[in-house]
Amino acid sequence: LRGIEMEKLGVRIVAASETRAVIERRTSESETRVEVEFGKRKKCEIKTPVEFLSHMLQTIAWNCGFNLKLRYEAKNYKLTHVVFEDAGIALGRALREVMLKRIEARGARARGANVRDLGIIDEAGALVGLSFEGRPEVNLVSLNRELRVREILAGSVEDARACDLDDFLKGLALGMGATVNVYLLSG
């Protein structure tokens, strides 16, 4: 996804390097600012109106090895699906910018995808796979017969609706221009 497509989504690249990216997303509903930085560990600074989302973002950053600053401000309505989607779009774009700068500097010699076992986080286990081929897609698949995706998304998680997690993943995939595969193991 190149500049014009991201501009339609209200995304602006403030800064980008091999180790850091700052992204702003402004829409009629909200303003989101994300900074990702790969380097010495620092305390995450995350401000969203949804505590579960803030905790989830901190957990993702820690497990993926980057520092994260994220600020979300609602302009009109405090709709949780908008918070999740906007956070996903901005975070995804920031991660993509770092990746693109690394490819520019170091080159890319092959194609690839990766699946990472994040282990058990707060009683939930999942495998996550990313494939950066330029088209956003999300596949949420249960590998456990006792976990049914539709039933999970119909419930709630702390102060969030579980269906908002799908909005986050779709936003993340859109921002990264990647396929995001989540394989649920337990939860």
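Note that the structure is predicted; figures quoted are calculated from it, not measured. Counting from 1, the numbers follow the sequence of the chain as shown.
Residues passing the side chain to side chain contact (heavy atoms under 4.5 Å, CB included) test with Lys101 are Ala16, Glu18, Glu104, sequence neighbours excluded. With sequence neighbours excluded, no residue forms a salt bridge (Lys or Arg N to Asp or Glu O under 4.0 Å) with Glu29. The salt bridge (Lys or Arg N to Asp or Glu O under 4.0 Å) check on Arg102 picks up nothing, with sequence neighbours excluded. Annotation: salt bridge (Lys or Arg N to Asp or Glu O under 4.0 Å) contacts of Glu73 (sequence neighbours excluded): Arg71. With sequence neighbours left out, Phe168 forms a ring-ring contact (aromatic ring centres under 6.0 Å, His included) with no residue at all. Every residue two or more places apart in sequence or in another chain that forms a side chain to side chain contact (heavy atoms under 4.5 Å, CB included) with Ala74 is listed here: Tyr72, Lys78. Partners of Ala94 by side chain to side chain contact (heavy atoms under 4.5 Å, CB included), not counting sequence neighbours, listed by chain and number: Ala21, Ile23, Val34, Val36. Legend: residues meeting side chain to side chain contact (heavy atoms under 4.5 Å, CB included) with Ser54, ordered by chain and number and at least two apart, are Ile46, Thr48.
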For residues 170-179, please give each side-chain donor-acceptor pair under 3.5 Å, one per line with the distance, not counting sequence neighbours.
residue, atom, partner, partner atom, Å
Lys170, NZ, Asp166, OD2, 3.1
Thr179, OG1, Glu133, OE2, 2.5

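Sorted by first and then second residue, the pairs that involve residues 8-38 and meet ring-ring contact (aromatic ring centres under 6.0 Å, His included), not counting sequence neighbours, are Phe38-Phe66. Residue pairs satisfying the salt bridge (charged side-chain N to carboxylate O under 4.0 Å, His left out) criterion with at least one member in residues 37-60, sequence neighbours excluded, are listed as follows: Glu37-Lys42.
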For Leu130 and Val180, what are the C-alpha separation, side-chain angles and deciding distance, and is it a side chain to side chain contact (heavy atoms under 4.5 Å, CB included)? CA-CA 5 Å; Leu130 301 174; Val180 178; 3.8 Å; yes
I would like to know whether Asn181 and Val141 meet side chain to side chain contact (heavy atoms under 4.5 Å, CB included); could you show each step before the answer? CA-CA 8 Å; Asn181 295 304; Val141 179; over 6 Å; no
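Here OG1 of Thr32 is found 6.5 Å from CG of Leu70. Values are rounded to the nearest 0.5 Å. The SG atom of Cys44 sits 8.5 Å away from atom CG of Leu57, with the distance rounded to the nearest 0.5 Å.
Taking 4.5 Å as the limit, some side-chain heavy atom of Leu185 sits within range of a side-chain heavy atom of Leu127. Counting only heavy atoms from C-beta outward, the side chains of Met99 and Leu95 never approach each other to under 4.5 Å. Put simply, the side chain of Phe84 does not reach to within 4.5 Å of the side chain of Arg161, judged on heavy atoms. A heavy-atom distance below 4.5 Å is not found between the side chains of Phe132 and Leu100. Side-chain contact check for Val157 versus Met56: every heavy-atom pair is 4.5 Å or farther apart. Between Leu91 and Leu68 the shortest side-chain heavy-atom distance falls below 4.5 Å. A 4.5 Å side-chain heavy-atom check between Glu35 and Arg20 finds at least one atom pair inside the cut-off.
The minimum heavy-atom distance between Val50 and Ala160, with the atom names listed, is CG1-CB, 3.9 Å.
Residue Val14 is found in a hydrophobic cluster whose other members, listed by chain and number, are Val22; membership requires side-chain heavy atoms under 4.5 Å apart, directly or through intermediates.
The backbone N or O of Arg25 lies less than 3.5 Å from no partner atom in the side chain of Asp86, so there is not a single donor-acceptor pair.
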